[in-house]
K.L.:
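Sharing a structure, written as C-alpha cells. Questions coming.
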Amino acid sequence: MPAKIQDNSAAWFREFDRRCNQALHDIGDAILEQGPAFTPVKTGATLASEDKIVHPEEKSVEVGAQTDYAPAIMTGTNRRSGEPNPFLVKMLLAAKPKIRHVLDERFGDLKGYRPPTEF
C-alpha cells in the first residue's frame, strides 16, 4: 500500500505569520506598559507621545517617543540634568518577562517552534 504524504507547510507558515503579527502588537504593548515607571515626567508630553509602530513584513516593532527632546533625555544632552536616562531601554528590560510570556503563549503549542534562548 503506497504511503500518502501531505504537505502542510503553507498552512503552518500562514499560521506562524499570523501569530507573529499578533505577538509584535503584544510585545509593543508590553513595552509601552512600562512607560509610567521609567519615563521622566515634567509635563507628561514624552510619556503621552510614546507609541509603537509594527512592521509586519519585517517582523519588527518600533517603540519610541515622538517629542523632539526625547533623544536628548536618552543621551543626557538635555539642559536639565545632563545625565543620560535611557528610559526606552529600561522599559524594554522591564518588559522582558512579559515578552517571554507572549512568546510562550503565542507559539508554545505550534509544533516545530523553538523559542529563542536569549533576546
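In this chain, numbering begins with 1 at the start of the sequence shown. Worth knowing before you read on, the calculation uses all heavy atoms, side chains too, and leaves out hydrogens, waters and symmetry mates.
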K.L.:
Is there a side-chain contact between Thr75 and Pro84 (heavy atoms, below 4.5 Å)?
P.N.:
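With C-beta onward as the side chain, the pair stays apart.
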
K.L.:
To the nearest 0.5 Å, tell me how far Ile99 CD1 sits from Ile31 CD1.
P.N.:
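That separation rounds to 4.5 Å.
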
K.L.:
What's the spacing between Cys20 SG and His25 NE2 if we round to 0.5 Å?
P.N.:
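Here the interatomic distance stands at 11.5 Å.
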
K.L.:
Considering non-hydrogen atoms only, spot the tightest contact between Phe87 and Ala70 and give its length.
P.N.:
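For Phe87 and Ala70, the tightest heavy-atom pair comes out as CE2-O, 4.2 Å.
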
K.L.:
Using every non-hydrogen atom in the two residues, find where Ser49 and Gln66 come nearest and quote the distance to one decimal.
P.N.:
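Distance-wise, the nearest heavy atoms are OG-N, 3.0 Å.
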
K.L.:
Which residues pass the salt bridge (Lys or Arg N to Asp or Glu O under 4.0 Å) test with Lys90, not counting sequence neighbours?
P.N.:
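Lys90 satisfies salt bridge (Lys or Arg N to Asp or Glu O under 4.0 Å) with no other residue.
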
K.L.:
Could you measure the distance from the CZ atom of Phe16 to the CG atom of Asn21? Nearest 0.5 Å is fine.
P.N.:
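So the gap between those two atoms works out to 10.0 Å.
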
K.L.:
Is there a continuous path of hydrophobic side-chain contacts, each under 4.5 Å between heavy atoms, that joins Phe13 to Leu24?
P.N.:
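Phe13 and Leu24: one cluster.
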
K.L.:
Looking at side-chain heavy atoms only, is the closest gap between Thr39 and Met91 below 4.5 Å?
P.N.:
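A side-chain contact exists here, since the closest heavy-atom pair is under 4.5 Å.
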
K.L.:
Any chance you could measure Phe38, atom CZ, to Leu88, atom CG, to the nearest 0.5 Å?
P.N.:
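Rounded to the nearest 0.5 Å, the CZ-CG separation comes out at 11.5 Å.
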
K.L.:
Would you indicate whether the side-chain heavy atoms of Tyr69 and Thr46 approach each other to under 4.5 Å?
P.N.:
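Yes, at least one pair of side-chain atoms sits under 4.5 Å.
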
K.L.:
To the nearest 0.5 Å, what is the distance between CD1 on Ile27 and CZ on Arg100?
P.N.:
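Output value for this atom pair is 10.0 Å.
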
K.L.:
Less than 4.5 Å apart, side chain to side chain, heavy atoms only: is that true for Val61 and His55?
P.N.:
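No, too far: nothing below the 4.5 Å cut-off.
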
K.L.:
Once salt bridge (charged side-chain N to carboxylate O under 4.0 Å, His left out) is applied, what residue pairs with a partner in residues 44-53 remain, sequence neighbours excluded?
P.N.:
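Matches after skipping sequence neighbours: Asp29-Lys52.
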
K.L.:
Are Leu32 and Val63 side-chain neighbours, meaning at least one heavy-atom pair lies under 4.5 Å?
P.N.:
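Side-chain contact under 4.5 Å: yes.
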
K.L.:
Salt bridge between Asp17 and Lys59, side-chain N to carboxylate O under 4.0 Å?
P.N.:
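Yes, Asp17 and Lys59 are salt-bridged.
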
K.L.:
What residues form a salt bridge (Lys or Arg N to Asp or Glu O under 4.0 Å) with Arg19, not counting sequence neighbours?
P.N.:
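With neighbours one apart ignored, the set is Glu15, Asp109.
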
K.L.:
Under 3.5 Å, is there a donor-acceptor pair between the Gln6 and Asn8 side chains?
P.N.:
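Side chains of Gln6 and Asn8: pair found under 3.5 Å.
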
